[in-house]
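See below for the structure under consideration.
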Amino acid sequence: MDLLKNEILPLVEQAAESMGLDAGLIARVLQPARELDQGDLSLPCFPFAKTLGMAPAAIAEQLAASIPAHPSLESINAVNGYLNFRASPAWLAQQLLEGRHRSTSNTRREVLIEHTSANPNGPFHVGRARNAILGDTLVRLHRLWGDTVTAEYYVDDMGKQVAVLAWALENMTTEEVETLLADREAANPQWSNKADHQRVRWYQAAQLRRKDDPSAEDIEKAIGTLVHASEHGDEAVLRSFENAYQPVLDGMLETLGRLGIHFDRFTKESLFVINGDVAKLMEELGGLEINGVAENGAQYLDLGQRGLKGKTEFFYRRGDGSSLYATRDIAYHRWKWTQCNELINVLGEDHKLQAQQVGLTLEELGERRPEVMFYSFIKLPEGKMSTRRGNVVFMDDLLEEAQAHAIEVLKERRPDLDNASMKTIAEAVGTSAVRFNIISVSPEKGFTFRWEDALSFEAGSAPFIMYSHTRACSIQSKVEALVGKEFLSDAVAAPASDAMPEGLIQLLRTLAVHDDRLEKVVREHRPNLFAEYMLHLATAYNSFYRDCYIIEDGEVNPFYYAVSELARATLRAGMEGLGVVSLTTM
RNA sequence: GGGCGUGUAGCACAGCUGGAUAAUGCACCGGCCUCCUAAGCCGGAGAUCGCGGGUUCGAAUCCUGCCACGCCCGCCA
């Protein structure tokens, strides 16, 4: 709780100094209390025992005795070698109502976040969507923190995958495709107007032919020619690629849009081939002292000399002189650095090695390496997700299912609603629950997708937070109806601490800690910790709601109402930060 | 074989820059709707923190060995 820490740090330092301790140590040791019922801040005195030759408990007690009373402090307690500080709820309330809990540390930056960047060859399944959901949440949380953010999608518009798609659309009929895929699950007719679901079948059929077709060799040659042309910037070929993938990409973006995920910019991989950046880059890399040349003229960097373990040769140029994916990625990164002063990539764990290679190479070129948020893959209870084996959950189907489930719940809970508003609420509840389910797990942890969890609307889910928020909204509209919008225009005074119910105090403490948490989350790229905070905040609001009647006997309690409004605003902003839809009624 | 990551109640998950009784949700047991939305609230039970060793006043947290799982180790993307 920085709010309190800033206030009392000088007092504690002074007391420490008077005992002969290094005051500089205090700021580091004084920390948020682990045991919340013990206080808000805690100073473990064990580290001082040796230098002072005293028992930790005695140090804590002596410190406690020498720290003067302060308006921000409710109490100071020495317990078991810990010195615990509890903020005065009345003081906290005053700080919060005056808006003094907002962090003033000046760390706002211009950030470019690249995420998703999935190959445009088929619909999102929940596995691929983990990137998009985590990435978009990172974008939103940085914005909530005050950073200026560009959300960017790097479009793989060249290379083999797109070439296969383009070739298939050019050379195969619908009948052919469906015959080849006869033993697979048919495309869901619900998505017959979405090109990502349609065209992926051409892609899949082509993949089959590349393996088993009698003319597989010719096909491979044809695709190889396309790939080669695209890598040399052949405009006609790149245009045909774009015609093939753009509708697919549009379909994918439609799905993401439903989850509240949007991009500020799309950058095509081919750009850096066409504008010559890649050629220039390869020339520059060739001049580095760690450059190596293979027998056929291919070139690599020996990154072992820069500390890379395992496979140390990093190839950036083929024998035929063309570039590789990673080479283009480096060119892309150099360009990205001209667009921002902070760079974050969201990548699957399968990209760890390449990210190392790109990072080390950038450093070799005198650039900074980007920050990376890695995430593990999502699997199903039945095992790895695989489109080929039909073991896959498409995002579009999941979102439909989530909405349908929400409608069922609503029919029971809110039979008064008309169909339209029911659908609006159900869509918000469904998409928010799906997002939150994924956000609330540490990115680097493996994730097993379960329908039961994704469709849970109880405590620990997005709807739980949404519900607390609607309670606050409901109170707001009732108060406004009762006493008008100008009710809070005058400063509201907080009552004495001992007149505050427990639920209120919990809420004040949770609100006070908001910016501490957000800063940590943004700095360390850990959206799940903010999801956890929002659950705490919603829980705290619920306790407050239980303990404090804002409207009683037709009278509005102005202080309670001010706190409720602050919580409402914080909930709403935080939900925005997670991409959870903030409804006013549900 | 090498590199990186993960392992915490029946299930899921937080805590990991060392500090107090390991947090939360689901499931389980009990209580609360003549009162601002019960998608809620209150209480209960449930944990050899993968296993062994080490460092420390103190280890889920740091070091080390082992085990299990995931990802990677293409002149693919």
Side-chain angles (χ1 to χ4, degrees), chain A residues 28-29 31 33-38 42 44-47 49-50 55-56 79-82 84 119 156 158-162 227 269 294-300 308-313 315-320 322-326 328-329 348-354 356 374 376-377 379 384 406 409-410 412-414 429 433 440-442 444-448 450 452-453 456-468 470-479 482 503 528-529 531-532 535-536 538-539 542-543 545-553 556 560-561 564 585-586:
Chain A
R28 207 169 52 80
V29 184
Q31 59 194 276
R34 300 273 158 134
E35 304 298 313
L36 275 184
D37 53 338
Q38 291 295 334
S42 180
C45 296
F46 306 93
K50 205 169 264 178
V79 184
N80 301 331
Y82 291 87
N84 296 319
N119 280 318
D156 185 356
M158 52 188 296
K160 198 159 279 178
Q161 299 213 27
V162 209
V227 171
E269 192 179 339
E295 289 168 15
N296 66 349
Q299 286 177 271
Y300 61 89
L308 187 68
K309 289 176 186 163
K311 159 134 184 158
T312 57
E313 289 173 348
F315 279 88
Y316 64 87
R317 183 183 175 122
R318 292 198 186 93
D320 69 0
S322 62
S323 64
L324 286 114
Y325 175 79
R328 289 168 237 138
D329 200 24
E349 59 182 336
D350 56 335
H351 280 66
K352 278 184 178 176
L353 174 59
Q354 189 192 300
Q356 280 275 3
F374 290 107
S376 299
F377 292 131
K379 61 173 192 278
K384 249 175 92 166
V409 173
L410 274 167
E412 234 171 76
R413 308 183 50 79
R414 297 291 306 275
V429 166
S440 51
V441 178
S442 278
E444 71 274 14
K445 223 143 190 167
F447 189 108
T448 304
R450 291 184 181 80
E452 177 196 351
D453 294 345
S456 161
F457 298 162
E458 295 173 310
S461 73
F464 173 83
I465 299 166
M466 296 165 78
Y467 189 71
S468 294
T470 59
R471 280 177 155 173
C473 289
S474 161
I475 286 169
Q476 182 216 16
S477 65
K478 280 203 162 65
V479 169
L482 215 54
N528 62 302
L529 296 188
E532 187 192 45
L535 288 175
H536 277 309
T539 302
N542 288 341
S543 307
Y545 178 89
R546 176 200 67 212
D547 286 351
C548 303
Y549 278 71
I550 293 152
I551 305 167
E552 208 163 21
D553 304 326
V556 178
Y560 287 172
Y561 182 52
S564 178
T585 178
M586 65 187 271

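Here is how names work: the chains are called A, B, and so on, in the same order as the sequence lines, proteins then strands, and each is numbered from 1. As a basis for the values below, the full set of heavy atoms in this structure was taken, side chains included, without hydrogen atoms, waters or symmetry mates.
OP1 or OP2 of B/A38 has at least one side-chain nitrogen or oxygen of A/Y545 nearer than 4.0 Å. Between B/C42 and A/R546, a contact under 4.0 Å exists linking OP1 or OP2 to a side-chain N or O. In this model, the phosphate group of B/G74 is not approached by any side-chain N or O of A/R318 to a distance below 4.0 Å at OP1 or OP2. For B/C41, one of the phosphate oxygens OP1 or OP2 lies less than 4.0 angstrom from a side-chain nitrogen or oxygen of A/N542.
Side-chain atoms of A/D156 and A/Q161 include no donor-acceptor pair closer than 3.5 Å.
Nucleotides B/A23 and B/A9, compared at atom C1', are 12 Å apart to the nearest Å. Across the P atoms, B/G53 and B/A59 are found 14 Å apart, a figure rounded to whole Å. Only the C1' atoms considered, B/G7 is 6 Å distant from B/G50, to the nearest whole Å. When the P atom is compared between B/A14 and B/U24, the two are found 15 Å apart, to the nearest whole Å. When the C1' atom is compared between B/G10 and B/G18, the two are found 31 Å apart, to the nearest whole Å. B/C26 and B/C42: their P atoms are spaced 12 Å apart (whole Å). Taking atom C1' on both nucleotides, B/C16 is separated from B/C49 by 11 Å, rounded to a whole Å. Using atom P as the reference point in both B/C41 and B/G58, the two lie 41 Å apart (nearest Å).
A/N296 comes within 4.0 angstrom of a nucleotide base, judged by non-hydrogen atoms across all strands. Among the protein residues, A/K384 comes within range of the sugar-phosphate backbone only, with heavy atoms under 4.0 Å from sugar or phosphate atoms but none that close to a base. Here A/D350 lies in heavy-atom contact (under 4.0 Å) with sugar-phosphate atoms only. Backbone-only engagement by A/R450 is indicated by non-hydrogen atom pairs under 4.0 Å involving sugar-phosphate atoms exclusively. Here A/Q354 lies in heavy-atom contact (under 4.0 Å) with a base. Heavy atoms of A/L353 sit under 4.0 angstrom from primed sugar atoms or phosphate atoms, though from no base atom. When heavy atoms are screened at a 4.0 angstrom cut-off, A/N84 is found touching base atoms of the nucleic acid. Among the heavy atoms of the strands lying under 4.0 Å from A/R328 are primed sugar atoms or P, OP1, OP2 only; no base atom is included. In this structure, A/C45 reaches neither bases nor backbone, as no heavy-atom distance under 4.0 Å exists between it and the strands shown. Note on A/L482: nothing from the nucleic acid sits closer than 4.0 angstrom, heavy atoms only.
Nearest-nucleotide positions on RNA chain B place A/M586 closer to the 5' end than the other of A/M586 and A/S543. Of the two residues near RNA chain B, A/P44 and A/G319, the one whose nearest nucleotide lies more 5' is A/P44.
Two residues are said to be in side-chain contact when any heavy atoms from C-beta on lie closer than 4.5 Å; A/E269 and A/Y325 meet this criterion. The side-chain heavy atoms of A/E458 and A/F464, taken from C-beta on, include no pair separated by under 4.5 Å. Using a 4.5 Å heavy-atom cutoff, the side chains of A/I550 and A/K478 are not in contact.
Each of B/G15, B/U21, B/A77 was ranked by its minimum atom distance to the side chain of A/Q38; first place goes to B/U21. When distances run from any side-chain atom of A/L324 to the nucleotides B/A77, B/C73, B/G40, the shortest one goes to B/A77. Among the nucleotides B/A20, B/G40, B/A14, the one closest to the side chain of A/A33 is B/A20.
In this structure, CZ of A/R471 is placed 14 Å from P of B/C35, rounded to the nearest angstrom. Per the geometry, CD1 belonging to A/I551 stands 5 Å off C1' belonging to B/C36, to the nearest Å. The CZ atom of A/R28 sits 8 Å away from the P atom of B/G18 (whole-angstrom rounding). Rounded to whole Å, atom C1' of B/C73 lies 17 Å from atom OH of A/Y300. Atoms CG (A/D453) and P (B/C13) sit 9 Å apart, rounded to a whole Å. Counting to the nearest Å, the C1' atom of B/C72 and the CG atom of A/L308 are 12 Å from each other. In this structure, the CD atom of A/E412 is 13 Å from the C1' atom of B/A38, given to the nearest Å. Between A/I550 atom CD1 and B/C35 atom P there is a gap of 17 Å when expressed in whole angstrom units.
No donor-acceptor distance shorter than 3.5 angstrom exists from the side chain of A/S474 to the backbone of A/T470, with no hydrogens or angles considered. The main-chain N or O of A/V29 is found under 3.5 Å from a side-chain atom of A/Q31 such that the two form a donor-acceptor pair. A donor-acceptor pair under 3.5 Å is formed between the side chain of A/R328 and the backbone N or O of A/S323.
Here B/C76 sits opposite no nucleotide as a Watson-Crick or G-U wobble pair (both hydrogen-bonding atom distances under 3.5 Å). When both pairing distances are held under 3.5 Å, B/C41 makes a Watson-Crick or G-U pair with B/G31. Across every strand in view, B/U48 sits unpaired, with no contact that passes the Watson-Crick or G-U test at under 3.5 angstrom. Under the Watson-Crick or G-U wobble criterion, with both distances below 3.5 Å, B/C26 is paired with B/G10. When both pairing distances are held under 3.5 Å, B/C57 makes a Watson-Crick or G-U pair with B/G19.
B/C71 has no stacking from A/F377 on its base ring, since the centres under 5.5 angstrom apart and planes within 30 degrees of parallel are not both found.
Separating the CG atom in A/L410 from the CE atom in A/M586 is a distance of 7.5 Å, to the nearest 0.5 Å. Expressed to the nearest 0.5 Å, how far OG of A/S477 lies from CG of A/L482 amounts to 11.0 Å.
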Report all interatomic pairs (protein N or O, nucleotide N or O of nucleotides 2-9 of chain B) with separations under 3.5 Å.
residue, atom, partner, partner atom, Å
B/C4, O2', A/K352, NZ, 3.4
B/G5, O4', A/K352, NZ, 3.3
B/G7, OP1, A/K445, NZ, 2.9

Report, one pair per line, the protein and nucleotides 56-63 of chain B atoms (nitrogen or oxygen only) whose separation is under 3.5 Å.
residue, atom, partner, partner atom, Å
B/C57, OP1, A/K50, NZ, 3.4

Just the table, please: protein N/O against nucleotides 22-28 of chain B N/O, every pair under 3.5 Å.
residue, atom, partner, partner atom, Å
B/G25, O3', A/A459, O, 3.4
B/G25, O2', A/A459, O, 3.0

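For A/S42 and B/A20, a side-chain-to-base donor-acceptor distance below 3.5 Å is present, hydrogens and geometry of angles not being considered. The base of B/C35 sits within donor-acceptor range of the side chain of A/Y549, with an N or O pair under 3.5 Å.
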Given side chain to side chain contact (heavy atoms under 4.5 Å, CB included), test A/R414 with A/T585 step by step and report yes or no. CA-CA 10 Å; A/R414 297 291 306 275; A/T585 178; 3.3 Å; yes
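Smallest separation of non-hydrogen atoms from A/Y560 and A/Y549: CD1-O, 3.5 Å. When all heavy atoms of A/S564 and A/I475 are compared, the pair lying nearest together is OG-CG2, 4.3 Å. The minimum heavy-atom distance between A/L324 and A/R317, with the atom names listed, is CD1-N, 3.4 Å.
A/F374 carries A/K352 over the face of its six-membered ring, with the cationic atom under 6.0 Å from the centre and within 45° of the normal.
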